[in-house]
Amino acid sequence: MHLLIQKMRPYLLAWLRRSRSDFLFSLLNVVVAGPASLVRRFSYKDMKRATDGFRRIIYSNTHGAAYRARFQDGEVALVKEVKDLNQGKDKFFKEVQLLGQLHHRHLLPLKGFSIGCKRLLVFDNIENGSLKEHLNDPLKTPLNWNTRLQIAIGVAAALEYLLLFSNPPIYHVSISASNVMLDENYTAKISDVGLLNSVGDYVTMPHSSNSEDCMDHACGNLTFQLGVLILELITGQSSEKGSTDLIQWIQESRFRSSIQKMIDPDLGNNYDSRELKNLLAVARLCIKSGDKPKFSIPQIFRYLQKVENTCE
């Protein structure tokens, strides 16, 4: 009997793994496709066709690429590739389930997934593309001052939600002009949030009701990214691809004397000078927090809200 069990053991384990995966997939359909969120499975063939063979790239980084998808019924979506194929289907299904439970005005909602040669997450429509497009593409309508201020506040609000109110405890998030999307009302939506064990631009954020728990190097990196994004909103310049000009500028002791030269020309004189100076102060605070954070994300969010209210 013992010999028989030993011979059957590999087959039993394989069956259990398949059963467990099927169970999780069934659970995924039950839990995620419930009233709280409508996440569905897309066929890989449809995904490939909708992205023109994965050639409609919106942005790409070490963690994967994001594509613009247009389906045959006219529906438009953002499709994000999950590059880590070694995590196993169970972990991928779990990530889909948990991402489907995130609900915030400034997070791009997950609407589905697909599995084939690539593992793909399908997010909601992005009417106005990425923030980077609007800052760098001369054919795009320039963003006015109030819209830029609201984008900074919205991104900070989403980070506070992920930090204090999301469950399970750990998320990974990357903030850049490339992966901050704008809907039809130019409302900011963070698109690069996940649960995978990653490195690079992703920042692990602990779940806690106590913001002091986020006073570590990881959250310092997150605050730094937010500061850089604010600088891009003010100047219209890109900090990507290794550029350190913006960071060096804001760290200079006499940076205020050159503010007028750095403001995005697309703004003209249509901005509030007091709000601008206060927003620059917040950006500088965020940049300095990269090494030894003195302020948490919730505190930064409150500062940004005060910037908005200074002239009301």
S.K.: To the nearest 0.5 Å, what is the distance between CZ (Phe93) and CZ (Arg119)?
M.R.: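 The distance works out to 8.0 Å.
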S.K.: How far apart are the closest heavy atoms of Glu127 and Asp183, and which atoms are they?
M.R.: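 Heavy-atom minimum between the residues: CB-C, 3.9 Å.
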S.K.: Testing Leu267, Asp266, Leu149, Leu131 for side chain to side chain contact (heavy atoms under 4.5 Å, CB included) with Leu143, which one passes?
M.R.: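 Exactly one pass, corresponding to Leu131.
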S.K.: List the steps and the verdict of side chain to side chain contact (heavy atoms under 4.5 Å, CB included) for Val82 and Leu121.
M.R.: CA-CA 7 Å; Val82 178; Leu121 299 172; 3.8 Å; yes
S.K.: Identify the heavy atoms of Ser130 and Ser178 that sit nearest to each other, and give their distance.
M.R.: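 Ser130 and Ser178 have their closest heavy atoms at CB-O, 3.4 Å.
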S.K.: Evaluate the criterion side chain to side chain contact (heavy atoms under 4.5 Å, CB included) for residue pair Tyr67 and Leu78; output intermediate values, then yes/no.
M.R.: CA-CA 6 Å; Tyr67 310 93; Leu78 178 144; over 6 Å; no
S.K.: With a cut-off of 6.0 Å (strictly less than), are more than 12 heavy atoms of other residues, nucleotides or ligands near CG of Asn185?
M.R.: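 Yes, CG of Asn185 has more than 12 neighbouring heavy atoms, counting only those of other groups under 6.0 Å.
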S.K.: What heavy-atom pair brings Ala156 and Ile297 nearest, and what distance separates the two atoms?
M.R.: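 Residues Ala156 and Ile297, closest heavy atoms: O-CG2, 4.1 Å.
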S.K.: Taking side chain as C-beta onward, heavy atoms only, is His106 less than 4.5 Å from Val155?
M.R.: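 No - every pair of side-chain heavy atoms lies 4.5 Å or more apart.
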S.K.: OH/Tyr44 to CE/Met47 distance, rounded to the nearest 0.5 angstrom?
M.R.: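 Answer rounded to 0.5 Å: 9.5 Å.
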S.K.: Test Glu275 against Trp145 for side chain to side chain contact (heavy atoms under 4.5 Å, CB included), laying out the working first.
M.R.: CA-CA 10 Å; Glu275 288 181 345; Trp145 173 251; 2.7 Å; yes
S.K.: When rounded to the nearest 0.5 angstrom, what is the spacing between CG in Asn136 and CD in Gln237?
M.R.: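 Separation between the atoms: 10.0 Å.
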S.K.: Using a 3.5 Å distance criterion without hydrogens, assess whether the side chain of Asn179 forms a donor-acceptor pair with backbone atoms of Ser176.
M.R.: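 Checking the backbone N and O of Ser176 against the side chain of Asn179, a donor-acceptor pair under 3.5 Å is found.
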S.K.: Tell me whether Arg148 is salt-bridged to Asp264, with the criterion being a basic N under 4.0 Å from an acidic carboxylate O.
M.R.: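 A salt bridge links Arg148 with Asp264.
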S.K.: For the residue pair Leu182 and His134, what are the closest heavy atoms and their distance?
M.R.: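 For Leu182 versus His134, the nearest heavy atoms are CD1-CD2, 3.6 Å.
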S.K.: Indicate, with yes or no, if Phe42 and Val39 share a hydrophobic cluster defined by side-chain heavy-atom contacts under 4.5 Å among Ile, Leu, Val, Met, Phe, Trp and Tyr.
M.R.: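 No, Val39 and Phe42 fall in different hydrophobic clusters.
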S.K.: Does Phe113 share a hydrophobic cluster with Leu110, counting links as ILVMFWY side-chain heavy atoms below 4.5 Å and allowing steps through other members?
M.R.: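 Phe113 and Leu110: one cluster.
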S.K.: Do Leu120 and Val193 land in one hydrophobic cluster if side-chain heavy atoms of ILVMFWY residues count as linked below 4.5 Å?
M.R.: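 No: no chain of side-chain contacts under 4.5 Å links Leu120 to Val193.
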S.K.: Would the distance check show the side chain of Gln225 and the main-chain N or O of Ile175 forming a donor-acceptor pair, the cut-off being under 3.5 Å?
M.R.: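 Yes.
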S.K.: Is there a donor-acceptor pair under 3.5 Å between the side chain of Arg68 and the backbone N or O of Val76?
M.R.: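 No, because the side chain of Arg68 does not come within donor-acceptor range (under 3.5 Å) of the backbone of Val76.
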S.K.: Under 4.0 Å between a side-chain nitrogen and a carboxylate oxygen: does that hold for Arg302 and Glu160?
M.R.: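 Yes, charged N to carboxylate O under 4.0 Å.
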S.K.: Looking only at heavy atoms, what is the nearest atom pair of Ala177 and Leu229, with distance?
M.R.: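 Reported closest heavy-atom pair: N-CD1, 3.6 Å.
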S.K.: Do Leu107 and Phe301 land in one hydrophobic cluster if side-chain heavy atoms of ILVMFWY residues count as linked below 4.5 Å?
M.R.: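 Same cluster.
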S.K.: Could you grab the distance from atom CG of Leu135 to atom CD1 of Ile151, nearest 0.5 Å is fine?
M.R.: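 Between atom CG of Leu135 and atom CD1 of Ile151 there are 7.5 Å.
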S.K.: Would you say the side chain of Ile115 lies within less than 4.5 Å of the side chain of Arg41, judging by non-hydrogen atoms?
M.R.: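 Arg41 reaches Ile115 side chain to side chain.
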S.K.: Just wondering, do Arg274 and Asn278 contact through their side chains at under 4.5 Å, heavy atoms?
M.R.: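 Yes. Closest side-chain heavy atoms under 4.5 Å.
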S.K.: So do Arg256 and Lys277 actually touch side chain to side chain, heavy atoms under 4.5 Å?
M.R.: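 In contact.
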S.K.: Report the C-alpha separation of Tyr59 and Asp192 in whole Å, then their side-chain angles, then the decisive distance to 0.1 Å, and conclude whether the side chain to side chain contact (heavy atoms under 4.5 Å, CB included) test is met.
M.R.: CA-CA 11 Å; Tyr59 66 84; Asp192 212 351; 3.9 Å; yes
S.K.: Enter the distance from Phe123:CZ to Lys189:NZ here, rounded to the nearest 0.5 Å.
M.R.: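 Here the rounded value is 13.0 Å.
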S.K.: Between atom CG of Leu280 and atom CH2 of Trp249, what is the distance when rounded to the nearest 0.5 Å?
M.R.: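 With rounding to 0.5 Å, CG (Leu280) is 5.0 Å from CH2 (Trp249).
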S.K.: Is there a side-chain contact between Leu304 and Ile230 (heavy atoms, below 4.5 Å)?
M.R.: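 In contact.
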S.K.: If you draw a 6.0 Å radius around CD in Gln72, do more than 12 non-hydrogen atoms from other residues or ligands fall strictly inside?
M.R.: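 Not more than 12 within 6.0 Å, no.
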S.K.: With the threshold set at 4.0 Å, does a side-chain nitrogen-carboxylate oxygen contact exist between Glu75 and Lys111?
M.R.: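 Result for this pair is yes, salt bridge flagged.
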S.K.: Would you say that more than 12 heavy atoms from the other residues, nucleotides or ligands in this model lie under 6.0 Å from the NZ of Lys140, or not?
M.R.: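 Buried by this count: over 12 neighbours within 6.0 Å.
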S.K.: Is Leu162 close to Leu102 at the side-chain level, that is, under 4.5 Å between some pair of heavy atoms?
M.R.: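 Side-chain contact under 4.5 Å: yes.
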S.K.: Take the angle between the ring planes of His104 and Tyr161 and call it parallel below 30°, perpendicular above 60°, tilted in between.
M.R.: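 Taking Tyr161 first and then His104, their aromatic rings sit tilted (interplane angle of 30° to 60°).
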S.K.: Give a yes or no answer on whether the side chain of Thr235 reaches the backbone of Leu231 with a donor-acceptor pair at less than 3.5 Å.
M.R.: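 Such a contact is found between Thr235 side chain and Leu231 backbone.
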S.K.: Scan Ile153, Leu233, Ile234 and name whichever one has a side chain to side chain contact (heavy atoms under 4.5 Å, CB included) with Leu279.
M.R.: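 The side chain to side chain contact (heavy atoms under 4.5 Å, CB included) with Leu279 is passed solely by Ile234 among Ile153, Leu233, Ile234.
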S.K.: I need the minimum non-hydrogen distance between Ile190 and Ser174, along with the two atoms involved.
M.R.: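 Reported closest heavy-atom pair: CG2-O, 4.5 Å.
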S.K.: Can we say Asp52 and Arg70 salt-bridge, meaning some charged N sits less than 4.0 Å from an Asp/Glu carboxylate O?
M.R.: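 Looking at Arg70 together with Asp52, the answer is no, because their closest N to O distance does not fall below 4.0 Å.
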S.K.: Is it true that Phe71 and Leu108 fall in one hydrophobic cluster, defined by side-chain heavy atoms closer than 4.5 Å?
M.R.: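 No; Leu108 is not reachable from Phe71 via cluster members.
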S.K.: Sub-3.5 Å donor-acceptor pair from the side chain of Ser258 to the main-chain atoms of Lys261, do we have one?
M.R.: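 It does not hold such a pair.
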S.K.: Would Lys118 and Phe54 count as a cation-pi pair here, with the cationic atom under 6.0 angstrom from the ring centre and within 45° of the axis?
M.R.: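 Because its charged atom sits under 6.0 Å from the ring centre and within 45° of the axis, Lys118 does stack over Phe54.
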